[in-house]
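Structure first, commentary second.
Only a predicted model underlies this, so the values are computations on that prediction, with no experimental measurement involved.
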Amino acid sequence: MADEASDPTRVPGAPHPRETAELVGQDAPQAAFLDAFNAGRLHHAWLITGPRGVGKATLAWRIARFLLATPDPDPDDMFGAPVPTSLTVSPDHPVARRIEAGSEPGLKSVHRSENEKTKRLRDQIVVDDIRALASFFQLSAADGGRRVVIIDAADDMNVNAANALLKMLEEPPARTTLLLICHQPSRLLPTIRSRCRTLRLGPLDRDQMAQAMAQAGVDPGADAAALAELSAGSVGEALRLALLDGLKLYGDLIALMNTMPNLDRARALALADAAGARGSEAKLDLLYTLIDIALSRLARTGAGHAPLAQAAPNEAATFARLCAHPAQARAWADTAQTALARARHGRAVNLDPGALVLDTLFKLSDTATPR
């Protein structure tokens with residue numbers, strides 16, 4: 001099991017998906033999987049899709065726990081175990097305890113690994129990460145039990161890793177279930193998608209969001225409406241915003257945009273220094289997410305589809321001034337695409353993060369300049 005500090009699949013400060021007791025608001029995909037299991041039609045590979053942060057990883061870990069703890073159904077055995085009606089497994093079950101401790105031999109989790117040379121997380125799942133599954137299959141085959149693999153996220157695989165996984169899907173090991181968590185199925189090889197059965201999860205409504213956040217030990221309080229507005233039904237994003245002081249960061253961003261096109265350079269520099277400081281990678285990631293959200297909300301305003309609620313002080317007035325008509329909406333949409341792509345490339349080649357933030361802010365201010 002990966003070290004918690006280097007696990008890219010978790011929200012910092014929030015429970016790991018394997019520690020989440022219940023899956024909120026996703027009854028339909030859970031029922032679909034349970035029906036397949038009870039009917040003896042368990043597919044060897046499942047593609048778990050949907051927006052980020054709606055519970056895909058939690059569902060994968062629930063399925064893994066259930067499969068490793070539940071005997072195969074036998075419709076001819078009238079005295080056998082009762083047909084399961086839920087994916088829930090008691091936390092006192094030995095499988096649940098082993099998974100909690102990261103010591104379950106029948107389970108393997110694959111995600112972006114650490115580069116041994118740079119000691120930093122790779123930005124892709126590489127072929128060696130997938131090939132390592134071969135030894136897992138060999139070592140775990142002796143007991144004859146089930147084996148479960150969770151890949152989080154499958155759309156992080158590079159081409160070679162995807163091709164290696166495809167070979168496994170074409171000739172799946174016996175009694176093995178692969179669970180592919182995927183945020184953008186279009187990024188996967190069509191041949192991978194065609195060999196999986198899909199479970200799709202949807203965004204949570206406001207009540208479900210509150211319930212899921214409470215389960216994670218976070219009380220949004222007076223920020224509940226703003227968190228729901230910015231997270232778009234993703235409890236993962238809402239937790240990230242709450243735990244990383246994201247609403248304040250978004251407020252600072254909107255206040256800075258309100259100075260455009262005469263950008264307040266001192267405030268821009270302060271924001272860039274804070275987000276680009278050493279050890280602030282999570283804040284830098286969040287800032288770019290918030291810039292993307294702000295530009296999307298800004299463009300929708302100019303297109304006549306302004307957000308129904310404000311997520312920061314003066315947001316509506318700022319957007320109305322910066323994007324008053326469809327032509328400006330198109331300009332902001334183009335800027336979102338080009339400026340954020342430029343930032344992603346800069347980060348990929350390890351340019352100074354503070355300078356990248358400033359460059360992005362200058363691009364936004366230039367778009368705000370009257371033509």
task: Please step through side chain to side chain donor-acceptor pair (under 3.5 Å) for the pair Arg18 and Thr58, ending with a clear verdict.
output: CA-CA 6 Å; Arg18 71 166 177 263; Thr58 298; over 6 Å; no

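- For Arg330 and Asp334, the salt-bridge test fails: no basic side-chain N is under 4.0 Å from an acidic carboxylate O.
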task: Take Ser234 and Arg52, measure what side chain to side chain donor-acceptor pair (under 3.5 Å) needs, and give me the verdict at the end.
output: CA-CA 6 Å; Ser234 166; Arg52 289 181 181 273; over 6 Å; no

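- Scanning both residues, Ala212 and Val235, for their nearest heavy atoms gives CB-CG2, 3.5 Å.
- The pair Asp123-Arg344 does not count as a salt bridge, with every side-chain nitrogen at least 4.0 angstrom from each carboxylate oxygen.
- Looking at Asp155, its side chain does come within 3.5 Å of a backbone N or O of His183 through a donor-acceptor pair.
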task: Step by step, work out the side chain to side chain donor-acceptor pair (under 3.5 Å) result for Thr88 and Arg62.
output: CA-CA 7 Å; Thr88 298; Arg62 279 176 68 80; 3.1 Å; yes

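- Taking CD of Gln184 as the reference point, atom CG of Asp156 lies at 9.5 Å (rounded to 0.5 Å).
- A salt bridge does not link Glu104 with Arg147: every distance from a Lys NZ or Arg NE/NH1/NH2 to an Asp or Glu carboxylate oxygen is 4.0 Å or more.
- Glu100 has no carboxylate O lying under 4.0 Å from a charged side-chain N of Arg97, or vice versa, which leaves the two without a salt bridge.
- Taking all atoms of both residues into account, the shortest heavy-atom contact from Pro313 to Ile254 is O-CG2, 4.0 Å.
- Between Asp72 and Arg175 there is a salt bridge, since at least one side-chain N of the basic residue sits less than 4.0 Å from a carboxylate O of the acidic one.
- Of all non-hydrogen atoms in Leu284 and Val357, the two that sit nearest each other are CD1-CG2, 3.6 Å.
- Taking the salt bridge (charged side-chain N to carboxylate O under 4.0 Å, His left out) definition, one finds that Asp359 meets it with Arg342, sequence neighbours left out.
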- prompt: Run the side chain to side chain donor-acceptor pair (under 3.5 Å) check on Asp264 and Thr259 step by step: do they pass?
  reply: CA-CA 6 Å; Asp264 186 328; Thr259 69; 5.7 Å; no

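- For residues 308-340, the set of pairs meeting the ring pair (Phe, Tyr, Trp, His ring centres under 6.0 Å) definition, not counting sequence neighbours, is empty.
- With rounding to the nearest 0.5 Å, the separation of CG in Leu67 from OG1 in Thr70 is 7.0 Å.
- Separating the CD1 atom in Ile151 from the CG atom in Leu179 is a distance of 9.0 Å, to the nearest 0.5 Å.
- Closest approach of Leu166 and Arg195 over heavy atoms only: CD1-CD, 3.9 Å.
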